[in-house]
Amino acid sequence: MLEKIQHYLHEVESYKAQYPEETEQFRLKYMSRKGILAELFADFKNIPPEEKKATGALLNELKTKIQEKIDASKMAFESSLSSSSSSIDLTRPADHIEIGARHPLSIIRKQIISIFSRIGFTVAEDREIEDDWHNFTALNFPEEHPARDMQDTIFIEKNPDILLRTHTSPVQIRVMEKMQPPIRKIFPGRVFRNEAVSARAHCIFHQVEGLYVDKDVSFADMKQTLLYFAKEMFGEKTEIRLRPSYFPFTEPSGEMDVTCLICGGKGCNICKHSGWVEIMGCGMVDPNVLDNCNINSNIYTGFAFGMGIERIAMLRYQIRDIRLFFENDVRFLRQFKGAY
Ligand code: 2NL
């Protein structure tokens, strides 16, 4: 009899119902009044007393196993039923899909590109890892310029120098090396400086630079182009002013201020009560830079400019800490929903 019970134990253990109805057939086969279990219990009455203990234990184990199998089988079909198509409530309102927001830096970059594209500028992009020639030497940086120092620039290799570009100007060099004027392009991209990260500075940030090279391009052309940009970007009432400055790659060079976009020039915290905020550097392309790219500086002139996207975004949205742009905290990013 022990062998017979063992046989059924194996049978029960290896059983798996394919359809819900089979569970009931299984229950009837083992548990009904004339089923296997009833038969075994009847036989149990007739076995010698010394066998009762072991046989009884095994019989009880079989009974428990059968009941467990039935319960598990029922449960499996119930949960698969509730997720099958026949039980979906088609009248239930749909879960709403949360629409994301564009990153504020992407919003500003898109606006800048759009403004310049309307006056004939196209976009050029290139690598973030550069060599010394494209990042410094072709741009008229003298051999001993401090920007070439490890303190300011992140180098990947020394001799020959390979580095993370410190501005997008190398893209301009590559464009000028490849084509002759007229050139009218803007250069958005990520740049890197060896800075201690703080609320105002980051080792990664974004720039948009611009370049216009042709015959007879003048300082007046630059001023008018940048005035157009300022009015499109910050509003029709915006005025600009240029202050003299210095860059190795432009001569003359300037910093451009716009009337404060917060107070309109009256004076506030943002403009430190001056009425003006600095938004970009600019200048006439140094003839040495043109010659370095095989563009004849006796025939062609050009202007160039560069601005930090973070800086413009911080002014526009009154963001007080540059690190927020790089943390990707959704509580920050959500606030730009529908901004563009
Ligand atoms: C700033 C200033 C500037 C340029 C970038 C440039 C590029 C070439 C030749 C001449 Cl290839 N100039 N770029 C010119 C003046 C200013 O950026 O403050 N950027 C955040």
Side-chain angles (χ1 to χ4, degrees), residues 105 108-109 112 116 121 123-127 130-142 145 147 152-153 165-193 195 200-214 217-219 221-223 225-226 229-230 233 240-258 277-295 297 300-315 322:
L105 297 177
I108 300 294
R109 183 185 53 194
I112 296 170
F116 280 105
F121 285 74
V123 171
E125 293 175 293
D126 212 304
R127 68 209 69 188
E130 271 295 357
D131 52 32
D132 174 88
W133 170 256
H134 293 93
N135 197 77
F136 293 125
T137 304
L139 285 154
N140 207 35
F141 278 80
H145 194 280
D152 296 328
T153 301
R165 67 182 184 190
T166 58
H167 42 194
T168 54
S169 312
V171 187
Q172 288 154 270
I173 298 299
R174 287 179 186 280
V175 165
M176 288 192 283
E177 283 173 338
K178 258 184 262 159
M179 66 187 280
Q180 288 293 308
I183 297 169
R184 209 160 34 194
K185 284 189 179 293
I186 52 169
F187 310 87
R190 181 179 292 154
V191 301
F192 307 85
R193 303 264 168 100
E195 291 266 0
R200 318 190 69 220
H202 210 288
C203 55
I204 300 172
F205 61 101
H206 297 78
Q207 269 194 325
V208 179
E209 287 192 61
L211 178 70
Y212 181 20
V213 185
D214 203 351
V217 175
S218 69
F219 197 89
D221 293 328
M222 181 178 83
K223 265 178 79 173
T225 304
L226 297 182
F229 168 73
M233 191 74 201
I240 62 166
R241 77 175 182 189
L242 286 165
R243 289 175 290 106
S245 183
Y246 176 80
F247 302 108
F249 33 78
T250 45
E251 183 59 35
S253 307
E255 305 280 352
M256 187 174 94
D257 298 343
V258 294
V277 285
E278 184 185 318
I279 59 152
M280 68 163 83
C282 58
M284 301 306 290
V285 180
D286 192 295
N288 291 342
V289 176
L290 295 175
D291 292 333
N292 285 339
C293 304
N294 294 317
I295 290 174
S297 60
Y300 296 108
T301 54
F303 67 78
F305 54 87
M307 63 192 119
I309 304 182
E310 281 80 0
R311 182 172 170 73
I312 307 232
M314 288 172 86
L315 288 167
I322 196 169

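All of these numbers come straight from a predicted model, not from anything done at the bench. Any value given below was found using the heavy atoms of this structure, including those in side chains, with hydrogens, waters and symmetry copies removed. Note that ligands are numbered from 1 as they come in the structure, with each ligand's atoms numbered from 1 the same way.
- Side-chain contact annotation: His206 with Glu310, donor-acceptor N/O pair under 3.5 Å present.
- Every atom of ligand 1 with a heavy atom of Leu139 under 4.0 Å away is listed here by number and element: 8 (C), 11 (Cl).
- In terms of polar-atom proximity, Glu209 is counted as a contact of ligand 1, with an N or O under 3.5 Å from an N or O of the ligand.
- If you look at Met176 next to ligand 1, the close heavy atoms, those under 4.0 Å, all belong to the side chain.
- At least one heavy atom of Gln207 sits less than 4.0 Å from an atom of ligand 1.
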Kindly determine whether Arg174 and Glu130 satisfy salt bridge (charged side-chain N to carboxylate O under 4.0 Å, His left out), including the steps that lead there. CA-CA 11 Å; Arg174 287 179 186 280; Glu130 271 295 357; 2.9 Å; yes
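- Polar contact with ligand 1: present for Gly306 (N/O pair, distance under 3.5 Å).
- When each of Leu211, Ile279, Ile186 is checked for a side-chain contact (heavy atoms from CB on, under 4.5 Å) with Phe305, only Ile186 meets the rule.
- The distance from the NE2 atom of His167 to the CZ atom of Phe249 is 6.0 Å, given to the nearest 0.5 Å.
- Residue contacts with ligand 1 for Phe247 involve side-chain atoms from C-beta outward but no N, CA, C or O (heavy atoms, distance under 4.0 Å).
- Looking from atom 14 (C) of ligand 1 to the surrounding protein, the closest heavy atom is Phe249 CE1, 3.4 Å.
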Begin from the C-alpha positions of Glu278 and Arg243 and carry the test salt bridge (charged side-chain N to carboxylate O under 4.0 Å, His left out) through to its verdict. CA-CA 10 Å; Glu278 184 185 318; Arg243 289 175 290 106; 3.3 Å; yes
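- The nearest heavy-atom contact from the protein to atom 11 (Cl) of ligand 1 is Gln172 CB, 3.3 Å.
- Note that CG of Asn140 and NE2 of His145 are 10.0 Å apart. Values are rounded to the nearest 0.5 Å.
- When heavy-atom distances to ligand 1 are checked against a 4.0 Å cut-off, Cys282 comes that close only through its backbone atoms N, CA, C and O.
- Between atom NZ of residue Lys185 and atom CD of residue Glu209 there is a gap of 14.5 Å, rounded to the nearest 0.5 Å.
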